[in-house]
Amino acid sequence: MTNPVIRRTDTNNRGVVEKEAKHVQFCVSNPEVPVAIVEEWRSRGAPRDFSIGPNDGKYCFCHCESCLKLDTRRPGEHFFDHLTDRYVQFNNRIAELAVKIRPDVRLSTYAYSAYEKPPRREKVECGENLYFCVVPVFGDDYGGGTGFGKLLDDWHSLGMRHFYVRPNFMWYCPAIPRGIELFLYDNVRTSCERGSIGFSYGCWPRPLNDFEYYVLASVLHDPGLEFAAIAERFYSQYGAAAKEAKAYFERVRGRSSRVMDAMVRAANRHLDDSGLAKHAFGCVTREDLAGDIPLLLPGLNKTLSPVERRRFEALHARAFHALLAFDFV
């Protein structure tokens with residue numbers, strides 16, 4: 001089985017083009033690698049917290065015969081569909097060595113990308129010492145469509161005891177509003193109910209996603225808040241134009257499921273961060289975006305404070321800009 005990326009012209013004698021060299025992964029079947037990692041950790045004073053997570057990136061995994069034997073690929077599956085077992089055994093071997101030196105060590109790793117799904121053969125050993133950063137994706141039909149909660153439950157049944165969540169969804173940055181506030185709310189609530197110890201964040205705020213960020217911050221502060229209460233508080237920032245703002249956001253959210261499902265189908269795979277952006281323009285119609293603007297127009301004639309007017313005019317400009325961007329593309 002050959003990795004199509006590794007077959008490309010090699011510019012550094014490492015089997016990958018230079019721009020992808022930072023994504024190269026360890027040979028996780030090599031017994032010397034866990035030993036080297038633990039020795040590096042020991043040389044740093046054996047701190048209680050230490051990261052053993054793989055490099056980011058999907059393509060540069062080891063294809064040696066020993067690593068391939070660690071996989072549990074099923075007939076018809078692509079190489080990248082399930083690499084979890086090789087990484088769980090790798091994490092186990094590191095933890096097994098580390099706890100002999102420091103029993104309370106906390107080793108952080110990932111359940112992400114090609115190793116997001118629970119293992120099929122391996123189980124998490126030293127569960128009190130391994131902390132998983134789980135990165136969910138859109139369009140995940142795991143468990144027959146039951147999604148994120150089922151995924152976390154199955155990881156727990158296989159020995160995962162500590163996890164936190166990093167929602168890659170917030171990297172989304174096209175001009176098209178997506179209306180996934182309720183999805184994010186449910187995602188965080190599910191994580192809290194399953195015992196998440198925290199949330200990791202690797203993005204930066206964007207005006208287009210302000211409602212999403214508000215929902216995330218609110219439910220992280222108090223997982224007991226109902227979505228409707230969070231939404232009404234968000235709309236109130238527009239003063240007398242709150243009614244129009246609510247109508248706009250509810251319209252966008254109402255088509256969200258259709259749009260996001262279309263993005264997943266267009267890509268023929270599950271999506272996060274940049275993958276969502278690449279398909280955004282092909283999954284809404286001009287009528288979708290043109291119909292957003294009339295909902296906001298009455299609010300421009302309301303009596304608003306200077307701050308409220310600035311906020312509402314920015315919201316109107318956002319809707320108009322989405323339409324212009326769609327026409328341009």
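The basis for the numbers below is simple: all heavy atoms, side chains too, and nothing from hydrogens, waters or symmetry mates.
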Measure from the side-chain N and O atoms of [X] to the backbone N and O of [Y], and report whether any donor-acceptor pair falls under 3.5 Å.
X: D81; Y: H78; result: yes
X: N129; Y: P103; result: yes
X: D85; Y: E122; result: yes
X: R194; Y: L152; result: no
X: S196; Y: C192; result: no
X: R48; Y: V105; result: no
X: S200; Y: R166; result: no

Please examine the side chains of [Y] and [X], heavy atoms only from C-beta on, and report whether any two atoms are closer than 4.5 Å.
X: L323; Y: D327; answer: yes
X: L70; Y: Y87; answer: no
X: S191; Y: F199; answer: yes
X: F281; Y: F326; answer: yes
X: W41; Y: I37; answer: no
X: N92; Y: L130; answer: yes
X: F227; Y: E181; answer: yes
X: F50; Y: R44; answer: yes

Which atom of [X] lies closest to which atom of [Y], heavy atoms considered:
X: F148; Y: N187; value: CD2-ND2, 3.5 Å
X: P54; Y: T109; value: CD-OG1, 3.9 Å
X: P177; Y: Y248; value: CG-OH, 3.7 Å
X: M170; Y: L216; value: SD-CD1, 3.8 Å
X: Y110; Y: V135; value: CD2-CG2, 4.0 Å
X: R106; Y: Y131; value: CD-OH, 3.3 Å

Ring center gap for F249 and F234 short of 6.0 angstrom: yes

Ring centroid separation H156 to F163 under 6.0 Å: no

Axial cation check for Y172 ring with R178, 6.0 Å and 45° limits: yes

For the atom pair [atom1] ([X]) and [atom2] ([Y]), what is the distance rounded to the nearest 0.5 Å?
X: S29; Y: Q89; atom1: OG; atom2: CD; result: 7.5 Å
X: D71; Y: F61; atom1: CG; atom2: CZ; result: 10.0 Å
X: E32; Y: C27; atom1: CD; atom2: SG; result: 10.0 Å
X: E65; Y: C67; atom1: CD; atom2: SG; result: 11.0 Å
X: L158; Y: R121; atom1: CG; atom2: CZ; result: 12.0 Å
X: D210; Y: L315; atom1: CG; atom2: CG; result: 7.5 Å

Residue pair Y185, E226: steps toward the side-chain contact (heavy atoms from CB on, under 4.5 Å) verdict: CA-CA 9 Å; Y185 171 85; E226 294 298 326; 4.0 Å; yes

Linked, directly or transitively: [X] and [Y] (ILVMFWY side chains, under 4.5 Å):
X: V188; Y: I197; answer: no
X: I101; Y: V99; answer: yes
X: V307; Y: Y235; answer: no
X: I180; Y: L225; answer: yes
X: V165; Y: L182; answer: yes

Quick one: do the [X] and [Y] side chains pair a donor with an acceptor below 3.5 Å?
X: D288; Y: T285; result: yes
X: E77; Y: H82; result: no
X: Y115; Y: R86; result: no

Geometric class of the H63/F79 ring pair [parallel <30°, tilted 30-60°, perpendicular >60°]: parallel

Mutual orientation of the aromatic rings belonging to H316 and F320 [parallel < 30°, tilted 30-60°, perpendicular > 60°]: parallel

Y164, OH atom: more than 12 neighbouring heavy atoms under 6.0 Å: yes

Heavy-atom neighbours of E40 CD exceed 12 at 6.0 Å: yes

E308 with R311: basic N within carboxylate O range, under 4.0 Å: no

Carboxylate-amine/guanidinium proximity below 4.0 Å for R251 and D292: yes

L300/F312 under side-chain contact (heavy atoms from CB on, under 4.5 Å): CA gap, chis, key distance, verdict: CA-CA 7 Å; L300 296 173; F312 192 79; 3.8 Å; yes

Criterion side-chain contact (heavy atoms from CB on, under 4.5 Å) on R258 and C283, from CA distance to verdict: CA-CA 8 Å; R258 170 180 63 81; C283 297; over 6 Å; no

Derivation of the side-chain contact (heavy atoms from CB on, under 4.5 Å) call for E232 and K246: CA-CA 8 Å; E232 290 300 325; K246 179 178 181 178; 2.9 Å; yes

